[in-house]
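As the structure lists them, so they are numbered: ligands from 1, and atoms in each ligand from 1. Nothing fancy with the numbering, it's 1 onward along the sequence.
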Amino acid sequence: MNPSIMILNVLKKILSSKTIQLSLEEENIIRNSLMQRGGVSVEELFELKNKTAVLNNKDDIWNVEYIASKLKAFNIGVVKYFDEIASTQGISMKLASEKQSGYSLVIAGRQFRGRGRYGRLWFSDYGGLWFSIGFSKPNKTGLRPALSLATGLGVVKGIEATLLLRLGLKWPNDIVWNRRKVGGILIESLVSEESTVFTVGIGLNVNNPIEKLPQNVGKIATSISRIVGHQIPRVPLLLNIVSNTIISIEKYFTSPGRIVEEWKEYDVLYGRQVSVELYPGKIVKGVEKGVSRGGELLLEDNTGKIVRVAMGEIVGFYGT
Ligand code: BTN
């Protein structure tokens with residue numbers, strides 16, 4: 001079909017219907033045409049779709065109004081869905097900086113430059129759950145390690161509540177199953193005189209094909225659908241994870257000690273000998289003794305002394 005006629009048909013669909021299903025061909029034509037014209041970005045197109053339509057991405061219905069209504073009780077004011085975006089982190093930080101109170105949620109169907117810890121690329125194909133929760137706190141709250149623990153705890157509790165599947169946590173915030181990584185958390189913050197803006201990015205392999213990941217990542221990763229043996233409806237899972245994460249974050253800001261106690265119940269490495277890379281080339285070893293109230297990892301060295309680690313990565317865990 002002539003591309004102009006196709007664009008016209010799609011616009012008619014958007015204007016006339018509450019739900020919209022674009023074929024791949026229609027979507028590509030629109031995408032290319034928007035890019036050539038340089039007027040409207042692909043993100044704006046999807047924003048338009050979000051406003052006017054229910055968007056279907058690989059068997060799940062991403063209806064932002066429905067998601068927002070279910071999360072209203074958890075003080076989520078804004079929900080945005082992008083079928084495809086570089087990373088949910090940037091837009092989430094922008095929204096959280098603009099908003100005075102409450103939480104915002106940015107979800108992606110796919111990220112083409114997903115960000116992991118230490119500047120790594122986070123592979124985020126269709127089928128996973130990739131989202132960021134943004135919020136701001138008064139004063140220079142700053143980033144503290146226990147916020148990562150609180151987030152991880154919310155994520156595993158949300159998964160457990162939806163699927164009766166109990167995953168584990170590896171300090172500071174990997175979600176794991178049988179020595180394989182199911183998901184990760186990236187927290188970024190922006191501190192100013194009056195406030196600290198936080199963006200809590202959560203990435204979970206759910207229905208996305210692990211075999212499509214680069215070999216070095218795929219061999220240490222797994223997905224929830226692989227663990228349970230079938231595809232998972234992601235919207236209820238998302239709702240439970242977001243609500244549990246917000247409860248956990250709020251709890252962290254009021255009584256951090258409780259978070260740390262609960263976190264220990266999911267700690268897969270308690271009592272094990274571990275190596276932690278503090279920075280490239282600098283490794284400390286010891287027996288993992290849980291976490292401090294501030295979220296630091298506690299290691300007992302071979303003299304029986306407890307060493308506190310605020311930042312670093314436990315190495316030699318996955319796939320071994
Ligand atoms: C890690 O390295 O383990 C952290 C991975 C965090 C990935 C999530 S996916 C949603 C959000 N957007 C990003 O670009 N990164 C985080």
Using a strict cut-off of less than 4.0 Å between a Lys/Arg side-chain nitrogen and an Asp/Glu carboxylate oxygen, indicate whether Arg120 and Glu313 qualify as a salt bridge. yes

Any idea which atoms of ligand 1 are less than 4.0 Å away from a heavy-atom of Arg115? 5 (C), 6 (C), 7 (C), 13 (C), 14 (O), 15 (N), 16 (C)

Atoms of ligand 1 less than 4.0 Å from Lys181 heavy atoms? 1 (C), 3 (O)

Quick look: Phe131 vs ligand 1, heavy-atom contacts under 4.0 Å, and the answer is backbone

Just which atoms of ligand 1 are under 4.0 Å from any heavy atom in Ser87? 12 (N), 13 (C), 14 (O)

Of the listed options Ile185, Ile107, Ile175, closest to atom 4 (C) of ligand 1 (non-hydrogen atoms): Ile185

With salt bridge (charged side-chain N to carboxylate O under 4.0 Å, His left out) as the test, would you mind laying out the steps for Glu211 and Arg226 before giving the verdict? CA-CA 11 Å; Glu211 58 281 5; Arg226 268 201 182 182; 3.2 Å; yes

Nearest non-hydrogen protein atom, atom 5 (C) of ligand 1: Trp122 CE3, 3.3 Å

What protein heavy atom lies closest to atom 12 (N) of ligand 1? Include the residue and the distance to one decimal. Gln111 OE1, 2.9 Å

Ligand 1 to Thr88, heavy atom cutoff 4.0 Å, flagged ligand atoms 10 (C), 11 (C), 12 (N)

Under 4.0 Å from ligand 1, counting heavy atoms only, is it the side chain of Arg120, its backbone, both or neither? neither

Residues Arg110, Glu84: salt bridge by 4.0 Å N-O rule: yes

Over 60° means perpendicular and under 30° means parallel, so classify the ring planes of Phe135 and Phe198, tilted if in between. parallel

Just to be sure I read this right, does ligand 1 sit under 4.0 Å from the backbone of Ile202, its side chain, both, or neither, counting only heavy atoms? backbone

Give a yes-or-no answer on whether the side chains of Ser132 and Thr88 include a donor-acceptor pair shorter than 3.5 Å. yes

Step by step, would you call Lys80 with Ile107 a side chain to side chain contact (heavy atoms under 4.5 Å, CB included)? CA-CA 6 Å; Lys80 289 198 180 275; Ile107 312 158; over 6 Å; no

Does even one non-hydrogen atom of Gln89 get within less than 4.0 Å of ligand 1? yes

Considering all heavy atoms of both residues, which atom of Asp60 and which atom of Ile232 are nearest to each other, and what is their separation? OD2-O, 4.3 Å

Per-atom contacts of ligand 1 with Gly114, taking only distances under 4.0 Å to non-hydrogen atoms: 14 (O)

Near Ser132 (heavy-atom distance under 4.0 Å), the atoms of ligand 1 are 11 (C)

Quick one: nearest non-hydrogen protein atom to atom 1 (C) of ligand 1, plus distance? Arg117 N, 3.6 Å

Is NZ or CZ of Arg180 both nearer than 6.0 Å to the six-membered ring centre of Tyr318 and within 45° of the ring axis? no

Any side-chain donor paired with an acceptor under 3.5 Å for Glu250 and Tyr103? yes

